[in-house]
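Accompanying notes for the structure given below.
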There are 2 protein chains.
Amino acid sequence: MTQTTIAETVPKNRRRRRSARSLDEPFRERARDALRSEGHRMTQQRDILLNVIENAGAHLDADGLYQLARRQDNRISLSTVYRTLSLLKRHNLIDELHLSEEHHHYEAKTAEEHYHLVCIDCGAVEEFAGGIIEHVREVVKHERGFHVTSLQLDIAGMCARCQKEAA
Amino acid sequence: MTQTTIAETVPKNRRRRRSARSLDEPFRERARDALRSEGHRMTQQRDILLNVIENAGAHLDADGLYQLARRQDNRISLSTVYRTLSLLKRHNLIDELHLSEEHHHYEAKTAEEHYHLVCIDCGAVEEFAGGIIEHVREVVKHERGFHVTSLQLDIAGMCARCQKEAA
DNA sequence: ATAAGTGCAAAGAATTTGCATAGCG
DNA sequence: CGCTATGCAAATTCTTTGCACTTAT
């Protein structure tokens, strides 16, 4: 299966306010602040990784991030990638996805919740947002008294393009 | 995290028609038919595993199934468990779940689609069905032309009981 | 200076595979 | 009997860890 997964649909030109430390702030800054404020140091390796995560418009796995990071500075090790990812996850700065049964993929946390459409043919990952999911949260809350902290929705199938090509 | 995950909500007393090879038929029979018709043999190990999968009212991982199976007949190996699971998955007789970030869990395919509420406190897995998800399929179809073949929704949070206990 | 962070290589966990043999059809 | 499925142990894949060394602060 193709490893080159491309986020096709979430607009890249998301507005970036300057002041607030909200989710709308650029990922790198937000992450740096968060880590610093928790007493972590900002090493060159972390800096590069934050960059890579911010700019890779895709859902990458640890090794993918490693390859990209090492292109900027090869003094980085896979362990550091894993350790950084785990740190970022602990601080809720990235999401860990279990997309296509395989190993983990990661993405910077964005302002809006969104979910994933994985094409089983070309491997592309589209993102998809919508208020429908809010209903799910509410239903679960009211019918079950279940308090949702994280919701993961992953849809596999065939994207429009591949359907056409297959026809 | 607790390994004892219990399906609490899908009714156990699901009606079982005798004749049709539909999803309403008991899992073991359905699976046996399907495998046989595809030229696979019915070994003692497979028989036991089908039994275990049908009766374990929980979402078990490969090792869990292995332990239960081995209790019935210890001439079974973990490789066989994996090979059987992969066979069943290939024939669409079971679902493979990526529940709580960890390794894979498996469950017999049932008539009705359902999703999972995993309590991060006690580890229990509730099942949850509802037409809301059908909407999601439709939206994705109409807005994106994306043809859904599999949809996985996993919700983590705190179950009603644990919320009370925590209070 | 000094504690947090790193690289490396080795350990771990989950899963797969090669090969000789057992056993279904 | 012939071919599929099994057991076992070794190989793979992804991820974590121990330890001596670097490096931010």
Side-chain angles (χ1 to χ4, degrees), chain A residues 1 3 5 31-52 59-67 69-70 72-91 93-106, chain B residues 1 3 5 31-52 59-67 69-70 72-91 93-106:
Chain A
M1 188 172 289
Q3 282 294 66
T5 57
R32 255 203 284 261
D33 284 2
L35 296 184
R36 280 235 163 80
S37 77
E38 297 283 342
H40 293 287
R41 296 175 183 177
M42 195 45 49
T43 68
Q44 217 159 339
Q45 290 90 328
R46 281 180 184 167
D47 229 31
I48 292 172
L49 278 171
L50 293 182
N51 234 309
V52 168
H59 310 89
L60 291 171
D61 55 16
D63 197 67
L65 293 168
Y66 173 55
Q67 300 303 338
R70 137 182 294 252
Q72 287 186 43
D73 184 335
N74 67 350
R75 311 173 317 161
I76 200 171
S77 78
L78 187 53
S79 324
T80 293
V81 174
Y82 274 112
R83 280 190 275 233
T84 304
L85 288 173
S86 131
L87 183 66
L88 292 173
K89 202 177 86 187
R90 213 154 51 240
H91 287 273
L93 293 159
I94 58 174
D95 278 326
E96 189 181 56
L97 314 173
H98 336 305
L99 285 182
S100 49
E101 333 223 347
E102 313 302 332
H103 43 316
H104 298 156
H105 292 239
Y106 303 86
Chain B
M1 190 172 288
Q3 282 296 67
T5 58
R32 255 203 285 262
D33 284 1
L35 295 184
R36 278 233 165 80
S37 76
E38 298 283 342
H40 294 285
R41 293 177 184 174
M42 196 46 48
T43 66
Q44 217 160 337
Q45 290 91 327
R46 279 180 185 167
D47 230 31
I48 292 172
L49 278 171
L50 294 182
N51 234 308
V52 168
H59 309 88
L60 290 174
D61 55 16
D63 197 68
L65 293 168
Y66 173 53
Q67 300 304 339
R70 135 183 294 250
Q72 287 187 43
D73 184 335
N74 67 351
R75 310 173 317 158
I76 199 170
S77 77
L78 187 53
S79 322
T80 294
V81 174
Y82 274 111
R83 278 190 276 232
T84 304
L85 287 173
S86 130
L87 184 67
L88 293 173
K89 202 177 87 187
R90 212 154 51 241
H91 287 273
L93 293 159
I94 57 173
D95 277 326
E96 188 181 58
L97 313 173
H98 335 306
L99 285 183
S100 49
E101 333 224 346
E102 314 303 331
H103 43 316
H104 298 156
H105 292 240
Y106 303 86

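Reminder, nothing fancy here: chain letters follow the sequence lines and each chain counts from 1. Computed from a predicted structure; not experimentally measured. Atom set for the values below is all heavy atoms of this structure, side chains included, hydrogens, waters and symmetry mates excluded.
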Note to self: For a quick test of reading the model: is some side-chain N or O of A:Y82 closer than 4.0 Å to OP1 or OP2 of D:dT16?
What the structure shows: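 So the side chain of A:Y82 is outside the cut-off, no N or O lying under 4.0 Å from OP1 or OP2 of D:dT16.
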Check: Would you say C:dT15 has OP1 or OP2 under 4.0 Å from some side-chain N or O of B:H104?
Finding: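 For B:H104, the contact criterion (side-chain N or O under 4.0 Å from OP1 or OP2 of C:dT15) is met.
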I need the [atom1]-[atom2] distance between [X] and [N], as an integer number of Å.
X	N	atom1	atom2	result
A:L78	C:dG5	CG	P	18 Å
B:L49	D:dT6	CG	C1'	12 Å
B:L35	D:dT6	CG	P	11 Å
B:H91	D:dA5	NE2	C1'	13 Å
B:H98	C:dA13	NE2	P	22 Å
B:D47	C:dG23	CG	C1'	14 Å
B:I48	C:dC24	CD1	C1'	15 Å
B:H103	C:dG12	NE2	P	18 Å

Check: Which residue pairs satisfy the salt bridge (Lys or Arg N to Asp or Glu O under 4.0 Å) criterion with at least one member in residues 34-43 of chain A, sequence neighbours excluded?
Finding: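 Sorted pair list comes back empty.
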Margin query: Nearest to the side chain of B:R46, heavy atoms from C-beta on, is which of C:dT15, C:dT6, D:dT6?
Written below: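 Among C:dT15, C:dT6, D:dT6, the one nearest the side chain of B:R46 is D:dT6.
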Check: Any idea which of C:dT6, D:dT6, D:dT16 is nearest the A:Q45 side chain?
Finding: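 Closest of the options to the side chain of A:Q45: C:dT6.
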Checklist line | Protein proximity profile, nucleotides 17-25 of chain D - base contact B, sugar-phosphate-only contact S, no contact -, cut-off 4.0 Å on heavy atoms | finding: BB----BBS
Margin query: Once you measure the plane-to-plane angle for B:H98 and B:H104, does it fall in the parallel (<30°), tilted (30-60°) or perpendicular (>60°) bin?
Written below: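 Tilted.
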Notebook entry, point to check: Under the 3.5 angstrom rule, does the side chain of A:H59 hit a backbone N or O of A:H105 as a donor-acceptor pair?
Noted result: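 Here the side-chain-to-backbone pair does not exist.
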Item checked: Heavy-atom side-chain proximity of B:D73 to B:Q45 below 4.5 angstrom ->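 Side-chain contact under 4.5 Å: no.
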Next item on the list: By nearest nucleotide on DNA chain C, pick out whichever of A:G39 and A:N74 is the more 5' one.
Entry: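 The residue whose closest nucleotide sits nearer the 5' end is A:G39.
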Checklist line | Least distance between heavy atoms, B:H91 atom then B:L35 atom | finding: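 It is CD2-CD2, 3.9 Å.
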Notebook entry, point to check: Listed by chain and number, what are the side-chain contact (heavy atoms from CB on, under 4.5 Å) partners of A:S86, not counting sequence neighbours?
Noted result: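 Partners of A:S86 by the side-chain contact (heavy atoms from CB on, under 4.5 Å) criterion, ordered by chain and then number, come out as A:R90.
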Checklist line | Test side-chain contact (heavy atoms from CB on, under 4.5 Å) applied to B:L65 and B:L78, B:V81, B:I48, the passing residue | finding: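 Result: among B:L78, B:V81, B:I48, B:V81 is the only option passing the side-chain contact (heavy atoms from CB on, under 4.5 Å) with B:L65.
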